[in-house]
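To start, the structure under review is shown below, and the notes come after it.
As the structure is a computational prediction, the values presented were derived from the model and not from experiment.
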Amino acid sequence: MKRFIFGLLALLACTQLARAQHEYTTETHIHEAGTESREHPADFQRLVLNVQFRPAKGEVFGTVTHHFRVLQEQVDSILLDAPGVKVTEVISGGKAIQFRSTDKHLVLYFSPALKWGKTDSLRINFNSTPRKGIYFIGWNDATNRSRKQIWTQGQATDHRYWFPCYDDANDKVQTEVIVNFDKAYQVLSNGRKLTERENADGTKTWHYRLDKPHAAYLLMIAIGQYAIDQRVTKSGVPLALWYYPDQKDRVANTYRYSTEIVEFMERETGIPYPWGSYAQVPVQDFIYGAMENTSATVFGDFFCLDDRGYLDRNYVNVNCHELVHQWFGDYVTHRAAKDMWLHESYATFYAKLFEGKIYGKEYYQHILRQEQNAAIQASEKDDYPIRNTHAGTSRFYPKGSAVIHMFRYAFGEEAFHKVINHYLKRHALGNVETNDLYQSFQDTLGLSPDWFFDQWLYRGGEPHYKVSWRNVANATEVNIRQIQAHSALIPLFKMPIVVEAHYTDGTSRSIREDVSAETEVLSIPNPDGRQVSFVLFDPGSNVLKRLTFAKPFEELKAQALGAPEMLDRHDAVAELRNLPAARKTELYAQIFKREKFHYVKTEIVQQLVNDSLASSREIIRLALLDPSRHVRQAVITNVKFIPSELLADYEKLLTDSSYTVIELALDKLAEQYPQNLARYLKLTEKTVGVVGHNVLIKSLEVSANAGNTRAITELVDKTTNAFEFRTRALAMQALKRLNYLDNILLDHLLDALFNPNGRLSAVAGQSLAYYNQQRKYRALIHLRMRSGKLDKAKVKQLEDALKV
Ligand SMILES: [Zn+2]
């Protein structure tokens with residue numbers, strides 16, 4: 001799944017916090033009781049799901065047939081997951097059998113008991129009104145403006161809420177999905193479409209089958225109104241890229257590099273795309289970023305962007321992430337959740353690698369650094385290893401990806417290719433755990449990298465190196481101390497480290513050696529006594545680490561101007577953060593003109609944007625004209641007060657190519673120069689924005705703030721379920737800042753609060769809690785709470801939201 005979507009990351013970080021209470025139970029590696037692969041007396045081999053829906057009521061009804069083989073000597077009952085699913089009949093061996101529903105399971109009884117090796121089937125008639133697993137979008141929009149869709153999201157284990165199944169990743173099944181629905185819509189499911197048949201009653205029946213086995217959580221259905229862009233990769237994989245018929249102009253941006261990504265992953269893994277064909281479908285109000293259902297990825301339609309929206313954020317990374325899962329996750333699947341990194345770290349890593357190939361090395365390095373920062377931040381909270389159920393998103397995704405980078409750095413790219421190819425071949429269509437990857441190192445390279453697995457995967461933390469250097473006879477001596485606080489979970493680290501001396505004549509020498517002791521001295525030969533200009537420890541930042549390496553201004557200046565790798569130049573500038581602007585603007589002006597990539601420039605912007613020196617302002621003037629929207633955005637995000645001498649430069653941001661920059665600029669300019677508001681609104685009036693109507697909503701907000709009541713009405717309208725969740729959330733936040741509430745908005749807030757999309761309901765909850773603190777609004781909210789119109793569960797949810 002792509003949870004590394006920024007909004008979602010935050011959401012999941014909360015889950016992680018909630019789990020941080022969990023205690024370590026052994027002295028060294030964390031032993032996790034009860035996290036072994038789930039036991040099951042039957043091997044489920046094939047399921048056939050035949051369903052229909054009443055979308056306005058959110059109802060599912062149909063049959064599911066499970067074909068299975070008995071795995072134990074005597075089996076008199078089988079348990080399926082089915083919380084809240086109503087089962088009306090179960091047929092096995094041609095006759096109705098006994099069953100019982102508990103609050104979590106469907107228990108099926110066999111009399112006489114089933115015998116070892118026997119194959120049998122179960123046909124279950126069921127109906128459900130689920131809150132999870134399947135989602136009905138837009139069917140209750142009274143104004144009929146919303147798209148109407150039905151889509152599923154199985155991961156982690158949510159399919160169980162709408163049909164009875166063995167809902168765990170450690171048993172793979174072939175799946176067949178038959179859907180009967182209104183013929184005005186299209187239906188997608190996993191694998192090949194066998195038939196699409198019109199019925200006499202105005203419905204159609206779609207029949208899909210995936211011939212190879214996969215885990216139940218990867219089953220999918222998406223229903224809506226779509227057109228399809230067909231492409232074929234050089235290797236012959238057909239791609240069906242679904243899109244909204246009214247967004248044909250966005251297809252090129254949305255699906256940019258789609259064929260290249262498939263070809264890239266086939267090269268990287270040495271394994272042809274495993275599933276025959278590949279489809280992708282955008283859906284409204286998706287609860288995550290995207291989901292790698294086998295052969296049919298679902299993603300949030302907020303990734304369908306026009307040319308300008310594409311500049312702010314695009315689908316390339318997520319597109320690649322989900323495609324990687326077709327191998328890492330779908331083809332080879334973890335046995336249990338503690339090995340989640342075997343899915344997510346790889347998907348994150350290869351997406352970064354692909355983007356690096358498209359956008360360049362500096363782009364790759366920038367992502368790597370963000371991953372390293374996320375890992376270090378996670379270490380500040382706890383020491384969980386990556387290989388742990390409670391590791392959390394920041395370890396399953398960014399830290400794991402930074403560790404895979406280190407696999408390649410430590411063992412070599414070609415060696416890593418061989419390990420991965422063997423691992424995928426050996427466990428094709430099966431289940432894996434971390435040790436299977438370790439065995440692949442032994443099988444293919446004859447290596448036992450237990451030290452690497454131990455420190456980076458089975459234990460937590462990262463090394464903190466304290467480094468200094470000095471000239472000695474014929475050499476530059478680099479002193480290294482590991483100063484992290486040791487614990488059973490944080491060892492001394494062993495890593496190959498490069499140290500590099502750069503000389504004033506522009507030449508350099510480097511050595512690479514294993515550093516493993518608490519204190520080590522590495523010596524860079526300097527037989528001809530060249531004068532050292534600056535010394536780099538781990539140039540290019542391959543190793544996840546904290547680094548304390550004090551350097552004088554002259555050395556940092558030389559590094560900022562002369563280090564070959566962008567990250568080392570950036571780090572020199574970052575080290576100068578606390579130096580007064582007057583001492584560094586001359587240097588920064590020079591750097592600003594030389595650097596192409598935004599990361600160094602945004603660091604400079606952050607240091608100078610609120611400084612009043614003329615030389616600082618001159619750099620900010622350049623930054624406002626920078627070709628990278630990251631640099632322009634850094635200015636408008638970080639500036640506290642827009643100086644009048646730069647006002648005209650800042651006002652140009654109102655017609656920027658980036659919607660995000662326009663939104664931020666309008667917000668700050670309207671607040672600081674209200675006398676110009678009419679002119680500002682004139683400049684932005686034709687711009688709606690793309691995701692969440694962001695520019696339009698900001699325009700309405702500043703306009704309402706200036707007394708325009710029509711703008712309020714329009715904002716309230718944007719909070720209804722006629723709109724997708726991003727628009728609704730932005731409009732709610734704007735109205736909260738305006739401190740406006742009426743009965744209509746209260747209706748919309750409650751509708752949003754009860755929405756299963758956490759990124760919408762959380763915003764609604766925050767708004768309600770905010771209004772509830774004010775006497776004039778509290779009465780309105782409590783009147784509604786006691787009106788009898790809300791059922792018990794909803795009253796409870798509202799009470800919980802108000803408590804915050
Ligand atoms: Zn993922």
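In the model, S401 has no side-chain atom that pairs as donor or acceptor with a side-chain atom of T348 under 3.5 Å. N610 and N638 share no donor-acceptor pair across their side chains, judged by distance under 3.5 Å alone. There is no side-chain donor-acceptor pair under 3.5 Å between E371 and H405. When only modelled atom types and interatomic distance are considered, N314 and Y257 share no side-chain donor-acceptor pair under 3.5 Å. S541 and R369 are linked by a side-chain donor-acceptor pair at a separation below 3.5 angstrom, with hydrogens and angles left out of the test. In the model, S516 has no side-chain atom that pairs as donor or acceptor with a side-chain atom of D514 under 3.5 Å. Defined by atom type and a distance below 3.5 Å, a donor-acceptor pair is present between the side-chain atoms of Q633 and R629. Counted by atom type alone, Q372 and K399 present zero donor-acceptor pairs between their side chains at under 3.5 Å.
In this structure, R512 satisfies the cation-pi test against Y409, with its NZ or CZ atom closer than 6.0 Å to the six-membered ring centre and inside 45 degrees of the ring normal. Geometrically, R256 does not engage Y315 in a cation-pi contact defined by less than 6.0 Å to the ring centre and at most 45° from the axis. Under the 6.0 Å distance and 45° angle rule, R387 does not count as a cation-pi partner of Y458. Taking the ring axis of F549 as reference, the NZ or CZ atom of K551 stays within 45° of it and closer than 6.0 Å to the ring centre.
In this structure, E462 and K545 approach most closely via the heavy-atom pair CG-CA, 4.3 Å. When all heavy atoms are compared, the tightest approach of M406 to N542 is CG-O, 3.3 Å. A pairwise comparison of heavy atoms in F303 and G289 identifies CE1-O, 3.7 Å as the closest pair. For L536 against A563, the heavy-atom pair with the smallest separation is CD1-CB, 4.3 Å. Q672 and K640 make their closest contact through NE2-O, 2.8 Å (heavy atoms, listed as atom of the first residue, atom of the second, distance). When all heavy atoms of S394 and A378 are compared, the pair lying nearest together is OG-CB, 3.4 Å.
In the displayed structure, Q531 atom CD is contacted under 6.0 Å by at most 12 heavy atoms of other residues, nucleotides or ligands. Heavy atoms from other residues, nucleotides or ligands lying under 6.0 Å from CZ of R481 number 12 at most. Within a 6.0 Å sphere centred on NZ of K668, heavy atoms belonging to other residues, nucleotides or ligands number more than 12.
No donor-acceptor pair closer than 3.5 Å links the side chain of E344 to the backbone N or O of T393. The backbone N or O of G356 lies less than 3.5 Å from no partner atom in the side chain of Q365, so there is not a single donor-acceptor pair.
Contact of the I483 side chain with the Y465 side chain is not registered, since no non-hydrogen atoms from C-beta on lie closer than 4.5 Å. Counting only heavy atoms from C-beta outward, the side chains of L492 and H486 approach each other to under 4.5 Å. At least one side-chain heavy atom of H464 sits less than 4.5 Å from a side-chain heavy atom of T548. Considering only heavy atoms from C-beta on, F493 stays 4.5 Å or farther from V515 through its side chain.
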Exercise for the section: Determine, step by step, whether E565 and K361 satisfy the side chain to side chain contact (heavy atoms under 4.5 Å, CB included) criterion, reporting the C-alpha distance in whole Å, the side-chain angles of both residues, the deciding distance to 0.1 Å, and the verdict. Expected result: CA-CA 9 Å; E565 303 281 355; K361 185 179 179 185; 3.0 Å; yes
Practice task
Using the side chain to side chain contact (heavy atoms under 4.5 Å, CB included) rule, take L608 and T585 through it: C-alpha gap first, then chi angles, then the decisive distance, then the call.
Solution key: CA-CA 8 Å; L608 300 184; T585 50; 4.2 Å; yes
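Ring centroids of H570 and H366 are separated by 6.0 Å or more, keeping the two rings apart. Taking the six-membered ring wherever Trp is involved, the centroid distance between the rings of Y350 and F328 falls below 6.0 Å. Aromatic ring centres of F411 and F452 lie closer together than 6.0 Å.
Using cut-offs of 30° and 60° for the angle between ring planes, the W341 and F407 rings count as parallel.
Ion pairing between a basic and an acidic side chain is recognised when a charged N comes within 4.0 Å of a carboxylate O; E355 and K352 show no such pairing.
Remark: of the listed residues T684, T687, N694, N694 is the sole one forming a side chain to side chain donor-acceptor pair (under 3.5 Å) with E663. Checked options D649, D626, D656, D312; the residue passing with R632 is D656 (criterion: salt bridge (charged side-chain N to carboxylate O under 4.0 Å, His left out)).
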